[in-house]
Number of protein chains: 2
Amino acid sequence: MAPSDHDCPLSRKLRTHMPLARADLAILADLHARRRTYPAGADMIFEGQAAHPLYILYEGWASSYKLLADGTRQILDFQIPGDSLGLNSMLFQTADHNIEPITDIVASEIIIGDVAGFYASSPTLATALLWAAARDQAMVVEHLINVGRRDAQRRTAHFLLELGARLILVGRGTRQGYDCPLSQYLLADALGLTAEHTNRVLRQLRQDGLVTFRDGRVVFDDLEGLIKLADFDMGYLDHGVLLR
Amino acid sequence: MAPSDHDCPLSRKLRTHMPLARADLAILADLHARRRTYPAGADMIFEGQAAHPLYILYEGWASSYKLLADGTRQILDFQIPGDSLGLNSMLFQTADHNIEPITDIVASEIIIGDVAGFYASSPTLATALLWAAARDQAMVVEHLINVGRRDAQRRTAHFLLELGARLILVGRGTRQGYDCPLSQYLLADALGLTAEHTNRVLRQLRQDGLVTFRDGRVVFDDLEGLIKLADFDMGYLDHGVLLR
DNA sequence: CGCCGTGTTGAAATACATCAACAGGAGTGG
DNA sequence: CCACTCCTGTTGATGTATTTCAACACGGCG
C-alpha cells in the first residue's frame with residue numbers, strides 16, 4: 001500500500017472519528033484502483049433513477065440538488081473530497097435528488113450487494129459508512145436551520161464556515177481559508193437567496209473585514225468575528241477543527 | 001399475538017414498504033409490552049445528550065427541534081404514531097437535537113446493543129429501520145426545499161399535505177383531513193415563519209377554499225387545488241397515498 | 001469579433017417581520 | 001363564584017430584508 005493511500009481524503013476523514021484496522025485500510029486502498037474522472041456539469045445521479053451506484057469522491061467538488069416545478073433550484077449540499085455521492089438515496093430504491101459535479105471530479109464507484117453482507121465482511125467500515133450517512137443528515141439539518149432561522153448575512157457566514165471546517169478535516173483548508181470553485185449563483189441556490197442578494201451580502205461581509213469570497217478562494221479575514229456573527233458551533237460535525 | 005398488534009402504526013407503515021415475516025411481527029409485538037406514557041412538554045432527548053435511548057412512538061405527536069443562540073427555535077420535524085424518536089442521532093454518540101412530546105404520548109423504548117448484532121438477529125427489521133432512517137432524511141430534505149425555495153403560502157400548503165400523507169399511511173388521516181394537535185406557534189417554528197404571518201397565511205388558504213386549519217383539525221377543502229398550489233409530489237415518501 | 005457565464009450595481013416592488021393590542025377559553029387560587 | 005393569568009388565536013400599522021427587474025462590465029472562448 002502506497003503512503004498516499006493513508007492520506008486519501010476518505011481515510012483521513014474516517015480516522016478523525018474512529019481507528020481503522022489494516023484490513024480496513026486495505027479495502028479503502030482497493031477503492032483507489034477503480035477511480036476515474038467525471039466531467040463537470042454532467043449529472044451522475046438523477047432524481048427518480050432506480051438502483052443508482054454509490055461513489056466516493058476523491059478530487060473536485062459536486063452538488064446534490066433538487067429542481068422545483070417553477071424552475072428554481074435548491075442545492076442540498078456540496079460534496080468535497082472524502083464525501084460519498086448517493087449514499088442516502090442508496091437505501092431507497094430510487095434516488096430522491098440529483099448529483100452533479102461542479103468541477104471535473106475524480107471518484108470511484110462502489111458496489112455493495114446488500115448492506116447486511118457488507119456488515120458481515122467489514123463491520124468497521126460498514127459502521128463508518130453509517131456514521132458518514134448520519135453526518136450527512138446532521139449537515140442537512142444544520143442547513144435547514146440556517147435557511148429557516150438565520151438572515152442572509154449569518155446564513156452566508158455560517159455556510160462558509162461549515163465548508164471550511166469540512167475542508168480542514170480532509171486537508172484541503174486551513175484557518176486562513178480555502179480554495180472554493182463555487183460561483184455566486186451556486187452559493188445562492190444553496191443558501192435559498194437570489195444571486196444578486198448573495199453578491200451584496202458577500203460585499204458586506206468583505207467590507208466588514210470578516211471574510212473574502214473572491215477569485216475561487218475564501219479567506220477568513222476575521223475568523224473569530226465570523227464565528228460569532230454566524231453563531232457557529234461545530235458540535236454537529238463531531239469535531240471542533242476550526243477552533244483548534 | 002393479538003390482532004391489534006398487526007395494526008400498530010409502525011407495522012402498518014413498514015408493511016406498505018416491505019413484507020414482514022411472522023418472526024419480525026413477533027419482535028414488533030414484543031415492543032408493545034414495554035410501552036409507557038410520557039407527558040407533553042418534557043424533553044425526552046436533548047441536544048448534547050450522550051447515549052440516549054431510541055423510542056417508537058405509538059400514540060400522540062412529538063417534535064424534534066433545535067434552539068438558536070438568539071432564542072428562536074427551528075422545528076425539524078413532527079413525529080407521529082409509527083415514527084421513531086432519536087433514530088438518526090443514535091448513530092452519533094450524542095444527540096444533535098432535542099425531542100419533546102407535543103401531546104401526552106405513548107412510546108416504547110428500544111435497546112439495541114450494536115447495529116451489527118441487530119443485523120445478525122433480525123436483518124429484515126434492521127433493514128426496515130435503516131429504511132425508516134432514510135425516509136426521515138428525505139423528509140428533512142424536502143423540508144429544506146420547502147423553507148429554502150417556497151413562499152409562505154406554498155410552504156404551508158406543502159407542509160400540511162405532507163403531514164396528511166404520512167398520517168394516512170398509519171391510518172390516522174383520510175383525503176378529507178386529519179386531527180392535528182399543533183398550535184399555530186408550533187407550525188410557525190416548523191415553517192420558519194412568525195406566528196402572526198402563519199395566522200394570516202392560514203386565513204388566506206381558508207378563504208381561498210383550499211384547506212382549513214382550525215380547532216385541532218385540518219380539512220382539505222380542495223385537495224387537488226392544494227396539491228397544485230404546493231407543487232406537491234409524494235415520490236420522496238415512496239407512496240402516493242394521497243392520490244390514490 | 002460576438003457571445004455567454006459571471007460578477008456588480010441601482011431602483012422599485014413585495015413578502016415577511018416586528019410591534020402593539022385585544023379576545024376567548026382553560027386553568028388556578030382566592 | 002369571581003378574579004387572575006396564561007396560552008392561543010386574531011388583526012392592524014409600520015418597518016425592513018429580500019426579490020425583482022434592468023442594466024452594464026469583464027474575461028474566456030467559440
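Values reported hereafter were calculated over all heavy atoms of this structure, with side chains retained and with hydrogens, waters and symmetry mates removed. Per chain, numbering begins at 1; letters A, B, ... match sequence-line order.
For the contact set between residues 68-78 of chain A and DNA chain D, defined by any heavy atom under 4.0 Å, there are no members. Near DNA chain C, defined here as any heavy-atom distance below 4.0 Å, the residues from residues 187-200 of chain A are A:Glu196, A:Asn199, A:Arg200, listed numerically.
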Mind listing the side-chain donor-acceptor pairs of residues 197-207 of chain B below 3.5 Å, one per line with the distance, residues two or more places apart or on another chain?
unit_1   : atom_1 : unit_2   : atom_2 : d
B:Thr198 : OG1    : B:Thr194 : O      : 2.8
B:Asn199 : ND2    : B:Gln184 : OE1    : 3.0
B:Gln204 : NE2    : B:Asp208 : OD1    : 3.1

Hey, can you pull the donor-acceptor pairs under 3.5 Å for the side chains in residues 213-220 of chain A, sequence neighbours left out?
unit_1   : atom_1 : unit_2   : atom_2 : d
A:Arg217 : NH1    : A:Asp179 : OD1    : 2.8

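Remark: P of D:dA17 and CZ of A:Arg150 are 18 Å apart, rounded to the nearest angstrom. A straight line from OH of B:Tyr185 to P of D:dT8 spans 7 Å, rounded to a whole angstrom. Distance A:Asp215 CG to C:dG5 P: 20 Å, rounded to the nearest Å. Here C:dG25 presents its P atom at 13 Å from CZ of B:Arg214, a figure rounded to the nearest Å. Rounded to whole Å, the distance from CZ on A:Arg154 to P on D:dT18 is 10 Å. Going from atom CZ of A:Arg155 over to atom C1' of C:dC16 covers 13 Å, rounded to whole Å. As a whole-Å value, the separation of B:Leu202 CG from D:dT10 P is 8 Å. Between the C1' atom of C:dG7 and the CZ atom of A:Phe213 lies a distance of 11 Å, rounded to the nearest Å.
Closest contact between the side chain of A:Gln184 and the listed nucleotides D:dT18, C:dC16, C:dG7 involves C:dG7.
For the OP1/OP2 pair of C:dG10 and a distance below 4.0 Å, the side-chain nitrogens and oxygens of A:Arg203 include no atom meeting the criterion.
Under the 4.0 Å criterion applied to side-chain N and carboxylate O atoms, A:Glu142 and B:Lys66 are assigned as salt-bridge partners. Classification of B:Glu59 and B:Arg35 as a salt-bridged pair fails, no side-chain N sitting under 4.0 Å from a carboxylate O. Under 4.0 Å is where a charged nitrogen must lie from a carboxylate oxygen, and between A:Arg135 and B:Asp96 no such pair does.
There is no side-chain donor-acceptor pair under 3.5 Å between B:Gln79 and B:Ser63.
In this view, B:Tyr65 satisfies the ring-ring contact (aromatic ring centres under 6.0 Å, His included) rule with no residue, not counting sequence neighbours. Remark: A:His143 engages A:Phe159 in a ring-ring contact (aromatic ring centres under 6.0 Å, His included) (not counting sequence neighbours).
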side-chain contact (heavy atoms from CB on, under 4.5 Å) evaluation trace for A:Ile110 with A:Ile56: CA-CA 7 Å; A:Ile110 300 190; A:Ile56 301 290; 3.2 Å; yes
